[in-house]
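A, B, ... follow the sequence lines: proteins, then strands. Residue 1 opens every chain. Because the structure is a prediction, the values reported are computed rather than measured. Scope of the values below: all heavy atoms of this structure, side chains included, with no hydrogens, waters or symmetry mates.
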There are 2 protein chains.
Amino acid sequence: MGITSHDVARLAGVSQPTVSRALRGDTRVSAATRAKVREAAAALNYVPSEAGRSLSTRSTRRIGVLVTDLTNPFYPHLIAPLHDELERLDHRMMLFTERTEAAVAADRLLDRSIDGVVLATVTLDSTLPEELRRRELPFVCLNREGGSPSSDAAVVDNRLGGEIAARELVRLGHRHIAGIFGPENTSTGRDRELGFRMALADAEIALRQAHTRHGPFEFETGAKALAELLETTPVPTAVFCGNDVIALGALDTAKRASVAVPDELTVIGFDDIPMASWAAFELTTIRHDMHEMARAAARLLVERISGSADSAEPRRVVLEPELIARGTHAPAAGN
Amino acid sequence: MGITSHDVARLAGVSQPTVSRALRGDTRVSAATRAKVREAAAALNYVPSEAGRSLSTRSTRRIGVLVTDLTNPFYPHLIAPLHDELERLDHRMMLFTERTEAAVAADRLLDRSIDGVVLATVTLDSTLPEELRRRELPFVCLNREGGSPSSDAAVVDNRLGGEIAARELVRLGHRHIAGIFGPENTSTGRDRELGFRMALADAEIALRQAHTRHGPFEFETGAKALAELLETTPVPTAVFCGNDVIALGALDTAKRASVAVPDELTVIGFDDIPMASWAAFELTTIRHDMHEMARAAARLLVERISGSADSAEPRRVVLEPELIARGTHAPAAGN
DNA sequence: GAATAATTTGCATACGTATACATAGGAGGT
DNA sequence: ACCTCCTATGTATACGTATGCAAATTATTC
C-alpha cells in the first residue's frame with residue numbers, strides 16, 4: 001500500500017524525476033511524456049507524499065494557528081476566514097489551542113512541521129514571539145499584538161475604538177461611566193482602555209476606580225463584573241465593555257437583575273460579532289472588519305514565508321473601527 | 001540553520017542512530033551515553049524533524065478534522081475537547097473547513113500527511129466515507145454519521161432525544177405542534193425528526209405538513225422558519241427545533257414578532273450548548289455530553305490507527321440525551 | 001582462563017521527493 | 001557534413017530520521 005512516484009515512473013516507462021517534473025508542470029518535460037505520466041498517475045491513484053516533499057523542499061505549506069480558547073464565540077469568526085484565506089494561498093491550517101506557553105508549546109512548533117505561525121491570542125508578556133524570532137520561524141500577530149519589538153501584525157486601531165465609545169457616551173450625557181475591560185496584558189485590552197480613558201479625560205469626566213473592572217474576554221467576566229458594578233454608588237448609567245462577549249455577559253446580569261437596557265443602563269461592546277445583532281441583544285458596539293483582519297494576517301504571513309514581503313521591516317495592517325448604533329445605548333436618565 | 005541529529009551526534013561523539021535511540025528512550029543505550037546525548041541535544045536546541053520522522057516511521061501523529069462551518073456556534077464545543085483529547089493522546093489537529101467534497105477534498109487527506117480523519121459534518125449521501133475506506137485511511141464519524149455501511153462513530157441517541165422532546169410537548173397538552181428540523185441528509189436531522197414523529201404518532205397527535213420545516217443547522221433556518229410558521233393556521237403553540245442554534249433563531253423571530261415565549265409559544269432545542277442557559281434565552285433543550293462525545297471520537301480513532309481497536313468491526317459510542325427544563329416551555333394555552 | 005552470553009554501538013540503508021548536473025538526441029546554421 | 005545549441009531525460013544525491021543487522025565491548029559462566 002502506498003503508491004510512490006517510482007511506481008508511476010515504472011508504469012509510464014520513465015524515470016522517477018521525470019514523474020516529479022511532469023506532475024508539477026515543469027516546462028522542460030515534453031507534452032507527450034507529460035500526458036503519459038499524468039495517465040499513469042491517474043491510473044494508480046497516485047498522490048505525492050507530503051513528507052517526502054517536505055523533506056526535500058524544506059517547506060510544508062502548513063501554518064500553525066495558536067488560540068487559547070476556541071469556545072469563546074469571538075475566535076471562530078477569526079479562524080474561519082483565516083482558514084479560507086490560507087487555503088486560497090495553498091496552505092493548510094494546524095490548530096493549536098494551547099494553554100501551555102513558550103518552551104513547552106514551542107517544541108511542537110519548531111519541529112519544522114509548519115512554515116509559520118499565526119498568534120491569535122498572544123499576550124504582551126509572552127516570551128513566545130521572541131522565542132519564534134530567535135528560532136527564525138516566521139509569525140504574524142492577529143487581533144492582538146505582543147510586546148516589543150513589533151512584528152508583522154493585523155490589528156484594529158483599538159485606541160481609536162475606545163475613543164469612539166467614550167465620545168458616544170459623553171455625547172449621550174452620561175456622567176457615571178464604568179468600564180469592564182479586557183486583560184491588561186493584552187494589546188486589545190490595554191489599547192481599548194487607554195483610548196477610552198483618554199477621551200473621557202478630554203471631556204473631563206472621571207472614570208472612578210470603583211467603576212473599573214478587568215478580566216478575560218469572556219462571558220463570565222461581564223456577568224460577574226456588572227453584578228459588582230451594580231452594587232456601587234453611584235450606580236453607573238453606562239458601561240463600556242472590552243469586547244462583545246464581555247458585553248453579552250453584562251447584558252445577562254442586567255436581565256437577571258431586572259436592570260432595563262438601555263433605559264437604566266447603556267452597554268457598548270467591541271467587535272460586532274454576528275450575535276451582537278440578534279434580537280435578544282441588539283448590542284450597540286464598535287465594529288471592525290474581522291474577516292479582512294484575518295485575511296490580512298494570512299497574506300502577511302505567507303508573503304513573509306515566501307520571501308516576497310517588500311522589506312525585512314515589520315508590516316502592520318491596521319483596521320478602522322466604527323460605531324454601530326443598535327439598541328443598548330440611550331441618553332443618560334435625566335438628560 | 002536547522003540542527004539535525006547528525007549535529008548532535010558529532011557534538012556528543014556518537015553516531016546518528018545512537019542519538020535517535022538515546023532521545024527516544026531506547027533501553028539499549030547506556031545511561032552514560034544517554035546523558036551525553038541529552039546534554040548535546042539541549043546545548044544545540046535540537047528538535048527532531050517531523051518530516052524525517054514521518055518518512056521513516058510512516059506515521060505523522062496528525063489527525064485531520066473536517067467541519068463545514070466553524071462559525072456555527074455548535075462546532076467549537078466539539079472541536080475544543082476533540083483537540084484536547086487528541087493532544088492528550090499525543091496527536092495534532094489539522095483543521096479542514098471544506099465546502100468541496102470527495103475527490104477534491106480527498107487529495108489533501110490522502111497525501112499521507114495525516115494518519116486519520118474525524119468527520120464532524122458528514123452527510124448521509126456523502127461519498128467521502130467510502131472513498132476513505134477504499135484508500136484505507138482510518139476515520140471516525142463524530143456527532144453525525146454517514147450512510148451505509150457503518151463505521152466507527154461517536155453519536156447521540158438522536159431518535160430517543162426526539163422522542164423525549166415530543167413526550168414533553170404532549171405532556172404539556174400541546175396539540176398544535178411544529179417542527180423545524182435539520183437537513184434530511186444528516187443522521188442527526190433525520191433521527192431527531194424520526195423519533196419526534198414516532199412519539200407524536202404514539203400519542204395520536206398529528207404533525208401537519210404545514211407545520212414542518214427543514215434547513216441547515218443554522219440560526220437563519222430557525223429565524224426564517226418560525227416567521228413562516230407564525231403565518232399558518234392554526235398557529236402552533238409549540239415548536240421543536242433540530243438543534244439549539246435553530247432554536248435561537250426561532251427565539252429571535254419570536255422576539256421580533258412579539259410572540260411571548262413560553263406563554264404563547266413553547267420552544268425546545270437540542271444539544272444544550274452553553275448559550276442555551278444564558279438569561280436572554282433560558283432555552284429548554286435536550287442535553288447530551290458533547291465533550292464526552294468528542295473525546296470518545298478521538299479515542300476511537302487513535303485506537304483504530306494504532307491497531308489497538310479490539311476488533312475490525314465498527315465500534316459505536318452512543319450517548320444518552322436528557323431533557324433540560326428551562327424557561328421556554330409551558331403548558332399549552334387553555335390547559 | 002576460555003568460551004559464551006549480554007549489552008552497547010556503529011554501519012548501511014530505507015522512507016519518497018526534488019534538483020544539480022550530465023548526457024543523449026535532434027534541430028539549425030553555414 | 002560538421003559543429004553548435006537547445007531540449008528532453010536520466011543519474012546521482014540530498015533532505016533527516018529510524019531500524020535491521022553486524023561488530024565490538026563487557027559481563028558471565030564453568
Side-chain angles (χ1 to χ4, degrees), chain A residues 1-38 40-41 44-62 90 107-108 110-115 135 137 306, chain B residues 1-38 40-41 44-62 90 107-108 110-115 135:
Chain A
M1 213 51 249
I3 306 294
T4 75
S5 54
H6 290 93
D7 301 321
V8 177
R10 203 172 314 124
L11 180 60
V14 298
S15 71
Q16 179 271 324
T18 297
V19 171
S20 170
R21 285 189 278 248
L23 293 182
R24 291 180 320 107
D26 192 312
T27 56
R28 295 174 309 174
V29 57
S30 73
T33 327
R34 181 169 15 242
K36 227 173 22 178
V37 170
R38 285 252 162 76
L44 295 176
N45 275 325
Y46 169 65
V47 181
S49 153
E50 190 277 332
R53 176 172 290 177
S54 291
L55 200 52
S56 189
T57 61
R58 302 145 147 259
S59 123
T60 65
R61 307 198 77 77
R62 232 178 273 133
D90 195 23
D107 264 24
R108 11 197 64 134
L110 294 170
D111 62 3
R112 279 97 106 208
S113 64
I114 54 178
D115 292 347
R135 307 294 265 270
L137 184 61
S306 67
Chain B
M1 212 49 246
I3 306 294
T4 75
S5 54
H6 290 93
D7 301 322
V8 178
R10 203 172 316 125
L11 181 59
V14 298
S15 72
Q16 178 271 323
T18 298
V19 171
S20 171
R21 285 189 277 251
L23 294 181
R24 290 178 322 105
D26 191 313
T27 55
R28 296 174 310 175
V29 55
S30 73
T33 343
R34 185 176 4 250
K36 226 173 22 176
V37 170
R38 284 251 162 77
L44 295 175
N45 275 325
Y46 169 66
V47 181
S49 154
E50 191 277 332
R53 176 171 290 176
S54 292
L55 200 53
S56 190
T57 61
R58 302 145 148 259
S59 121
T60 65
R61 307 198 77 78
R62 233 178 273 134
D90 195 24
D107 264 24
R108 11 198 65 137
L110 293 171
D111 62 2
R112 281 97 106 206
S113 65
I114 54 178
D115 291 347
R135 308 294 266 270

**Fill in**
When every non-hydrogen atom of Arg61(A) is compared with those of Asp90(A), the smallest separation belongs to NE-O, 3.0 Å
**Request:** Check the distance between dA18(C)'s P and Arg61(A)'s CZ and give it to me in whole angstrom.
**Result:** 12 Å
**Asked** Can you tell me how far C1' of dG16(D) sits from CG of Leu44(B), to the nearest Å?
**Response** 15 Å
**Asked** OP1 or OP2 of dG10(D) sitting under 4.0 Å from any side-chain N/O of Ser15(A)?
**Response** yes
**Request:** Measure from the side-chain heavy atoms of Gln16(A) and tell me the nearest of dG16(D), dA18(C), dT17(D).
**Result:** dA18(C)
**Request:** Report which part of the nucleic acid Arg21(B) touches: base, sugar-phosphate, or nothing (heavy-atom distance under 4.0 Å, all strands).
**Result:** base
**Request:** Tell me which nucleotide among dC15(D), dT9(D), dT17(D) gets nearest to the side chain of Thr18(A).
**Result:** dT9(D)
**Asked** Quick one: the side chain of Arg58(B) and the base of dG16(C), do they pair up donor-acceptor inside 3.5 Å?
**Response** no
**Message:** Side-chain N or O of Ser5(A) versus OP1/OP2 of dT17(C): is the shortest distance under 4.0 Å?
**Reply:** yes
**Message:** Please determine whether a side-chain nitrogen or oxygen atom of Thr4(B) lies at a distance below 4.0 Å from atom OP1 or OP2 of dG16(D).
**Reply:** no
**Prompt:** Do Arg135(A) and Val47(B) touch side chain to side chain, with heavy atoms closer than 4.5 Å?
**Reply:** yes
**Request:** Identify the heavy atoms of Val14(B) and Thr33(B) that sit nearest to each other, and give their distance.
**Result:** CG1-CG2, 3.7 Å
**Contact nearer the 5' end of DNA chain C, comparing Lys36(B) with Thr57(A)** = Lys36(B)
**Item:** Which nucleotide in dG10(D), dG16(C), dT19(C) has an atom nearest any side-chain atom of Pro17(A)
**Value:** dT19(C)
**Heavy-atom closest contact (Gly2(A) atom, Asp7(A) atom, distance)** = O-OD2, 4.0 Å
**Message:** What is the separation between atom CG on Leu110(A) and atom P on dG16(D), rounded to the nearest whole Å?
**Reply:** 15 Å
**Request:** Please name the pair of heavy atoms, one in Arg34(B) and one in Asp26(B), separated by the smallest distance, quoted to 0.1 Å.
**Result:** NH1-O, 3.3 Å
**Prompt:** Ser56(B) side chain: which of dT17(C), dG16(D), dG10(D) is closest?
**Reply:** dG16(D)
**Prompt:** Within the structure shown, what part of the strands sits under 4.0 Å from Thr33(B) by heavy-atom distance: base, sugar-phosphate, or nothing?
**Reply:** sugar-phosphate
**Asked** Within the pair Arg53(B) and dG16(D), is there a side-chain N or O less than 4.0 Å away from OP1 or OP2?
**Response** no
**Message:** What contact category does Val14(B) fall into here, base, sugar-phosphate, or nothing, at under 4.0 angstrom with non-hydrogen atoms?
**Reply:** sugar-phosphate
**Item:** Note: Glu50(B)-Arg62(B) ion pair, threshold 4.0 Å (strictly below)
**Value:** yes
**Request:** Check the distance between dC15(C)'s P and Leu55(A)'s CG and give it to me in whole angstrom.
**Result:** 14 Å
**Asked** Whole Å only: how far is the CD atom of Glu50(B) from the C1' atom of dT17(D)?
**Response** 11 Å
**Prompt:** Rounded to the Å, how far apart are Arg34(B) CZ and dT9(C) C1'?
**Reply:** 13 Å
**Request:** Find the distance Asp7(A):CG to dC15(C):C1' and express it as a whole number of Å.
**Result:** 13 Å
**Asked** Ser30(B) side chain N/O closer than 4.0 Å to the phosphate oxygens (OP1, OP2) of dT8(C)?
**Response** no
**Complete:** Closest of dT19(D), dT9(C), dT17(C) to the Tyr46(A) side chain is dT17(C)
**Asked** Can you check the Asp26(A) CG to dA20(C) P distance for me, whole Å?
**Response** 11 Å
**Asked** Want to settle it: does Ala32(B) or Arg28(A) sit nearer the 5' end of DNA chain C, counting the closest nucleotide to each?
**Response** Ala32(B)
